[in-house]
Amino acid sequence: MLSVRFLSLRSASSLTSRSLCIAAAANHGRAPDMAEGNPLLHVSNVRNRLREIVGASTNWSDHQQAMAERVSLSSKLAKSQSELPAKRMKDSFLEVHLPLGSEPELREKYLTYHNTVRFGRILEDLDSLAVLISYSHTYNSALKRSPLSIVTALVDKIDMRQHVIYPDCDIKFTGQVTWVGRSSIEAKMHMSQYRDGAYSPVLDATFVMVARDPANKRAAFVNPLKPEGPEEEKLLQEGEANKSRRVELSTASLLKVAPADEERRIIHDLFLNTLDTNTVSFRSRILPPKSVWMEDAKLKGLEICHPQQRNIFNRIFGGFLMRKAYELGWANACSFGGCRPSLVAVDDILFQKPVEIGSLLMLSSQVCYTQGKYIQVRVHSEVFDPLTQQHNTTNIFHYTFASDRDVPSIVPRTYGESMLYLDGKRHFNQTVES
Ligand SMILES: CCCCCCCCCCCCCC(=O)SCCNC(=O)CCNC(=O)[C@H](O)C(C)(C)COP(=O)(O)OP(=O)(O)OC[C@H]1O[C@@H](n2cnc3c(N)ncnc32)[C@H](O)[C@@H]1OP(=O)(O)O
């Protein structure tokens, strides 16, 4: 059933060298693999494979029955991690093609007005791929369907290696599991684009996925990971270090503890800088030149969560949420900077709660930190229940953009805004200065 093409790392590199040999004869943005008709996994098949793996319904009208059938798979879950066989990294290695160069009919879905690729669409593909990689790691040939519900918990990091993604050149995604906990899985993915005879790197992404029982109510064990060779040992150690870093960051969150001394000084300097020197008062505040109050750098949006945007577990697809938040964040940075900004990094996208079908999803984007030509944007999403009038945060997204010129400085006015500023600064330092 899981007839995904599992390529070993070694076979992937030999594929690349073979590709390079044929490259001279290939078109500008059309990779030889695709031109030769090599049957690699096509991006549009990733979701179909996921549907098959979990037995998701294709019609919304059948979703309750499909869910009930899934819940009956609970008995197939492992009682402990030790009863599951250890997997190798190559067991989950996948290579997926998005042939924008070879299949012009695909382009429309990915095209921006400015003749580049919609990054929100790439986020959707990365999310689906991370889920498929995780299912490949947990694949059990004795079962027809996987009892695991694997959800996206965190987009740890997406580093852009190139700012322009061409809409008429083939794209290749590769990825594998690089670390596992008891129920969590780290998947690393790379995206490259075929241009002028070779694939060149576009981005590197690290996602954390979490396995749940079929009803998505509690954690479920995943197979241990057995590294082979020093390169894989290093990836595993990096995964361990990533986990420790996440715990540290969460412990130091400004929602839990006071800012550090240096951060307090920054906030006080910003405050002093806005005082009116003519009136000796803490109350009269003046916006410094080439600055914008934080409250004037927001953009809001609303999504009604229709069944069309559901994932294989009948909740809203994480990739869709990322696309919507990204596009709002981009528009926010665009109107703030007065030009089309390019994406530098995506960092620490947290999926706190699932978004149910039918929800009213409120998205709120805020420019929270600026430095030179860089704009740090935070998008907060919450569901609003019109019956109880309650708001619940579901996601927080962080995006770093670069403008083609220096942008105005963002200035917080309240204490809460100052915390947003510091949080934005921390994210900026982590992505841009690391
Ligand atoms: C149907 C046809 C449609 C076709 C659709 C096509 C689309 C197909 C695409 C399909 C795509 C489908 C994909 C989608 O669309 S998934 C949709 C988007 N994602 C979500 O909705 C998830 C929302 N969040 C949650 O449900 C909870 O917060 C989760 C479940 C994530 C954690 O809940 P909770 O906190 O209560 O869990 P726990 O305390 O028991 O811990 C369990 C483990 O989780 C680890 N952990 C937790 N948080 C984090 C974190 N932030 N960073 C790193 N790790 C984290 C934790 O260390 C522990 O690990 P371990 O020590 O066990 O190893």
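Both counts, for ligands and for their atoms, begin at 1 and track the order of listing. What you see below is based on every heavy atom in this structure, not just the backbone, and it leaves out hydrogens, waters and symmetry mates. Please read these numbers as outputs of a predicted model, since none were measured by experiment.
Trp293 is linked by a ring-ring contact (aromatic ring centres under 6.0 Å, His included) to nothing, counting only residues two or more places apart in sequence or in another chain. Qualifying salt bridge (charged side-chain N to carboxylate O under 4.0 Å, His left out) partners for Asp156, counting only residues two or more places apart in sequence or in other chains: Arg245, Arg246. For the side-chain contact (heavy atoms from CB on, under 4.5 Å) test, residues two or more places apart in sequence or in another chain that qualify with Pro354 are Arg315.
The aromatic rings of Phe313 and Tyr135 lie tilted to each other, with the angle between the two planes from 30° to 60°. Note: Tyr326 and Tyr399 have perpendicular aromatic rings, judged against thresholds of 30 and 60 degrees for the angle between ring planes.
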Which pairs of nitrogen or oxygen atoms, taken one from ligand 1 and one from the protein, are under 3.5 angstrom apart?
unit_1, atom_1, unit_2, atom_2, d
ligand 1, 15 (O), Asn311, ND2, 3.1
ligand 1, 15 (O), Gly318, N, 2.8
ligand 1, 19 (N), Thr152, O, 3.0
ligand 1, 24 (N), Phe351, O, 2.9
ligand 1, 24 (N), Gln352, O, 3.4
ligand 1, 28 (O), Phe351, O, 3.4
ligand 1, 28 (O), Gln352, O, 2.9
ligand 1, 59 (O), Ser184, OG, 3.2
ligand 1, 62 (O), Ser183, N, 2.9
ligand 1, 62 (O), Ser183, OG, 2.6
ligand 1, 63 (O), Arg182, N, 2.8
ligand 1, 63 (O), Ser183, N, 3.0
ligand 1, 63 (O), Ser184, N, 3.0
ligand 1, 63 (O), Ser184, OG, 2.6

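Using a cut-off of 4.0 Å between Lys/Arg side-chain N and Asp/Glu carboxylate O, Glu327 and Arg118 are scored as salt-bridged.
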